[in-house]
Amino acid sequence: MKLLIIEDEPKTAGYLTRGLGEQGYSVDHAANGVDGLHLALTGDYDAIVLDVMLPGMDGLQVMQSLRAQRDTPVIMLTARDQVDDRLRGLGAGADDYLIKPFSFLELLARVQAITRRGRAHESTQIQVGDLHIDLLARRATRRGRRLNLSAKEFALLAALARRRSQILSKTVITETVWDINFDTNTNVVEVAIKRLRAKLEYPGETKLLHTVRGMGYVLEQREEDAA
Amino acid sequence: MTTRSIAARLGLMFGLAATVVLAILAVSLFLFQSYELQRHKREELSARLVIIERLSHQASDLKHWAYFRDKLADFTPEDGSLYFAVESADPRFRVGERFLDQATFDEHGEGFGNAILPNGQRYLTVAHVLPPEGDRPAVRLMVAAGQRDIESAEWLLAVGIVVLSLVAIAAVSATGWWIARRGLAPVDRLSEYARRLDARDLTLRLPADDLPTELDGLVVSLNEALARLQRAYEQLNAFNADVAHELRTPLGNMIGETQVTLSRARSTDALESTLQSNLEELERLRNIINSMLFLARADRGETARDLVEVSLHEATTKSAEFMEMLMEDAGLELRIVGDARACVEQSLYARAITNLLDNALRHGAAGSTVHVDIADGPDAVSVTVRNQATPIPPDKLAHLFDRFYRADPSRTGSDQNHGLGLAIVKAVAQLHGGSVFAESRQGEVAIGLRLPRVPRTDPPSRPDRPAARAARDSALPSAQPSH
């Protein structure tokens with residue numbers, strides 16, 4: 001998976017390159033719109049992360065010129081919290097946008113969503129360690145023990161399982177499970193995770209649902225925990 | 001009237017009014033005076049006719065007629081201002097032939113008439129026909145008086161009236177201007193005071209005591225506006241201080257913790273822990289900044305977009321679902337009653353309801369019920385969240401929706417609650433053209449928002465909207481970013 005980051009702020013570009021690189025993407029970087037457009041038109045990228053505020057040629061112009069020739073998926077980054085700009089970005093053909101300051105996990109989730117598009121559809125059975133999830137039957141079992149989950153709890157588990165081994169931020173979780181797309185300043189996610197954990201991990205069973213402090217939650221079988 | 005000076009305009013208007021009044025007066029005066037002159041002339045002529053008529057009675061033969069003729073000649077002045085004439089079929093009884101021959105007459109019988117000489121002199125005539133008597137045949141006696149004296153009198157009168165009127169108009173205009181200037185002096189003074197107002201001293205007001213009553217209302221309104229601006233300005237200042245304060249705590253935590261961590265060699269775990277703690281503080285900062293940006297949207301007077309007509313009951317239920325687990329944990333029951341339809345931006349509405357429920361959750365008495373009442377009014381719909389809670393005194397009730405306001409200061413410090421929850425509810429209401437309200441009575445606190453009932457969107461375009469929105473949402477796999 002090849003990604004192009006068009007961003008003039010060196011620190012932002014630095015952590016995006018490193019972070020996305022560590023997630024298995026091969027990342028190119030351009031520090032201005034002209035170079036960015038050139039790379040975007042000549043290279044074969046799976047997705048482009050494009051800052052709106054760029055020296056020389058701004059992000060919207062890059063977007064328009066790019067769309068005239070290619071339809072590489074684009075995620076726009078904007079510092080301006082203005083609906084107009086967002087809609088303009090989408091009107092110019094952007095596939096998604098993020099308002100600065102954004103969280104890296106959100107960006108990652110969006111990049112994954114965009115690059116996953118077009119892939120064959122996911123399997124309906126997910127296995128994480130000894131946890132088996134049947135997305136169609138909406139059933140989760142652990143070593144034959146059926147987990148008695150409420151609808152929201154199952155949705156939460158499914159969201160974590162679909163992106164197993166990836167950290168899901170609280171924002172991503174509220175969006176996926178409750179379709180709520182704003183910061184709520186509540187601890188609903190913590191409470192839901194606590195409930196899910198109580199049903200998922202009986203005493204003596206391997207920990208599968210991990211908290212990553214300050215970031216979010218991840219569902220995975222960790223080596224050191226494996227019994 | 002293009003002049004912008006009130007005094008000049010008033011002067012000009014006074015002048016115009018004086019012109020109209022004086023013109024009517026002058027014309028009336030002139031007509032009356034000239035009528036009087038004519039009447040006087042006629043009376044004079046009639047008197048003269050009576051005299052010569054009496055004299056002519058004695059002249060019934062030629063001898064006496066000659067005497068009568070001489071008498072008439074004596075009466076006739078040299079300057080041509082008065083003529084006596086007698087018309088008769090018998091040339092011997094004719095008098096004043098020269099005048100009779102030269103003048104043109106418009107009346108040939110009895111009574112008054114007009115005559116004009118070839119040199120343009122005009123005459124008023126009066127005539128009387130005498131029947132034959134003795135040797136004398138029938139004669140027509142005539143007296144003609146020149147109009148020149150009347151004409152010159154009239155001319156003099158007209159010139160006098162016009163000149164005097166012009167002087168009067170000028171005087172009235174000037175006085176009017178001067179009076180207006182005097183009358184407007186308080187306005188000048190007012191603007192002098194107003195010039196001294198600026199942001200350095202917000203307590204300055206316009207003095208209302210030495211002003212005429214007509215300006216009282218204006219000054220009072222201006223002073224009220226100044227008071228409102230002062231309040232807003234002070235609020236803004238306090239707000240800025242609050243923001244700085246809110247940002248200071250997480251920043252201080254991060255700086256201090258990072259410095260402490262870096263001052264010694266630390267294990268990876270310790271470094272990781274510091275980074276995680278920093279991240280928590282940073283999330284808090286991001287939250288505050290995003291909330292502030294959101295509030296700024298409402299402050300700028302923006303309105304909600306993507307309005308969709310929804311059942312508020314359904315929309316509220318959806319938000320309630322999100323809060324369900326917290327409610328259960330707190331031992332609170334939730335009851336949503338009533339329904340109404342309104343046009344809302346759904347994510348904004350959900351945000352407001354979530355915040356209202358969150359507020360009820362924080363302050364509600366354990367084990368009580370949180371009621372959400374949705375009421376459909378004639379011009380507005382209201383959504384009220386009420387539950388049993390510690391009563392809020394009226395002076396605090398008014399500030400509930402202020403930014404960073406906490407009715408109970410001891411709650412400060414919770415990283416979940418930065419005191420913007422209800423301010424956001426208010427902003428959401430404003431973005432929809434609605435308002436918020438709060439009441440505290442009988443152990444219950446009720447807080448809610450009102451939304452306009454009649455949607456502002458055009459009805460024909462509404463059916464397209466949900467479709468357009470759905471299309472947009474599908475283009476955004478992970479929906480809108482958080483604000």
Side-chain angles (χ1 to χ4, degrees), chain A residues 73 75 77-84 86-87 90 93-104 106-107 109-114 116-117 150-153 169-172 174-195 211-215, chain B residues 272-273 275-294 296-297 300 302 304-306 318-319 321-326 328-329 345-348 350-351 354-355 357-358 361-362 414-418 420-421 424 472-473 475-483:
Chain A
I75 298 174
L77 306 178
T78 169
R80 283 178 283 182
D81 182 33
Q82 284 186 338
V83 181
D84 277 346
R86 287 190 235 158
L87 294 181
L90 288 171
D95 299 75
D96 208 343
Y97 53 87
L98 273 173
I99 304 283
K100 289 182 175 180
F102 58 88
S103 98
F104 177 74
E106 270 182 73
L107 176 71
R110 278 155 209 250
V111 169
Q112 286 170 342
I114 273 187
R116 196 180 293 128
R117 240 190 241 169
S150 72
K152 290 292 171 197
E153 284 162 355
S169 72
K170 287 196 266 178
T171 316
V172 170
T174 49
E175 274 183 20
T176 321
V177 178
W178 287 275
D179 188 24
I180 289 220
N181 46 31
F182 48 87
D183 291 332
T184 61
N185 300 320
T186 60
N187 54 352
V188 171
V189 175
E190 285 94 323
V191 171
I193 290 282
K194 205 174 117 196
R195 289 183 173 203
T211 305
V212 185
R213 199 181 145 205
M215 296 194 46
Chain B
E272 199 169 281
S273 157
L275 278 176
Q276 287 168 337
S277 161
N278 280 356
L279 189 55
E280 283 168 357
E281 297 299 319
L282 289 166
E283 279 294 330
R284 201 164 137 189
L285 284 176
R286 189 170 75 99
N287 245 320
I288 295 174
I289 289 171
N290 281 338
S291 299
M292 308 277 304
L293 286 173
F294 177 77
R297 255 182 84 187
R300 277 198 303 268
E302 270 187 36
R305 287 152 194 264
D306 301 325
K318 200 182 141 196
S319 301
E321 251 171 40
F322 177 68
M323 301 294 286
E324 203 177 8
M325 291 187 195
L326 296 185
E328 280 171 17
D329 275 17
E345 185 176 331
Q346 283 170 307
S347 83
L348 292 185
R351 193 170 183 162
T354 309
N355 284 358
L357 291 176
D358 187 46
L361 193 66
R362 279 177 211 281
S414 156
D415 64 327
Q416 297 281 359
N417 171 24
H418 47 57
L420 290 174
I424 286 174
R472 198 173 68 95
D473 281 354
L476 299 178
S478 34
Q480 282 186 307
S482 50
H483 289 283

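Keep in mind that what you see is a predicted model, and the values were worked out from it rather than measured. Chain identifiers are assigned alphabetically (A, B, ...) following the order of the sequence lines, protein sequences preceding nucleic acid strands; residue numbering begins at 1 within each chain.
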Item checked: Residue part contacting chain A, namely of B/E321, when any heavy atom lies under 4.5 Å ->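 Both backbone and side chain.
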
Checklist line | chain A contact via B/N278 - which portion, at a heavy-atom distance below 4.5 Å | finding: neither

Measure the spacing between [atom1] of [X] and [atom2] of [Y] and express it to the nearest 0.5 Å.
X	Y	atom1	atom2	answer
A/R213	B/S277	CZ	OG	5.5 Å
B/I289	A/I99	CD1	CD1	13.5 Å
A/M215	B/Q276	CE	CD	9.0 Å
B/F322	A/D179	CZ	CG	11.0 Å
B/L293	A/K100	CG	NZ	13.5 Å

Taking side chain as C-beta onward, heavy atoms only, is [X] less than 4.5 Å from [Y]?
X	Y	answer
A/K152	B/M325	yes
B/K318	A/I180	no
A/R195	B/E328	yes
A/F182	B/T354	yes
A/T184	B/D358	no

Which pair of non-hydrogen atoms, one from [X] and one from [Y], has the smallest distance, and what is that distance?
X	Y	result
B/M323	A/V188	SD-CG2, 4.3 Å
A/T171	B/R286	OG1-NH2, 4.1 Å
A/N181	B/S347	OD1-CB, 3.4 Å

Check: Heavy-atom distance under 4.5 Å to chain B: side chain of A/S103, backbone, both or neither?
Finding: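 For A/S103, backbone and side chain are both near chain B.
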
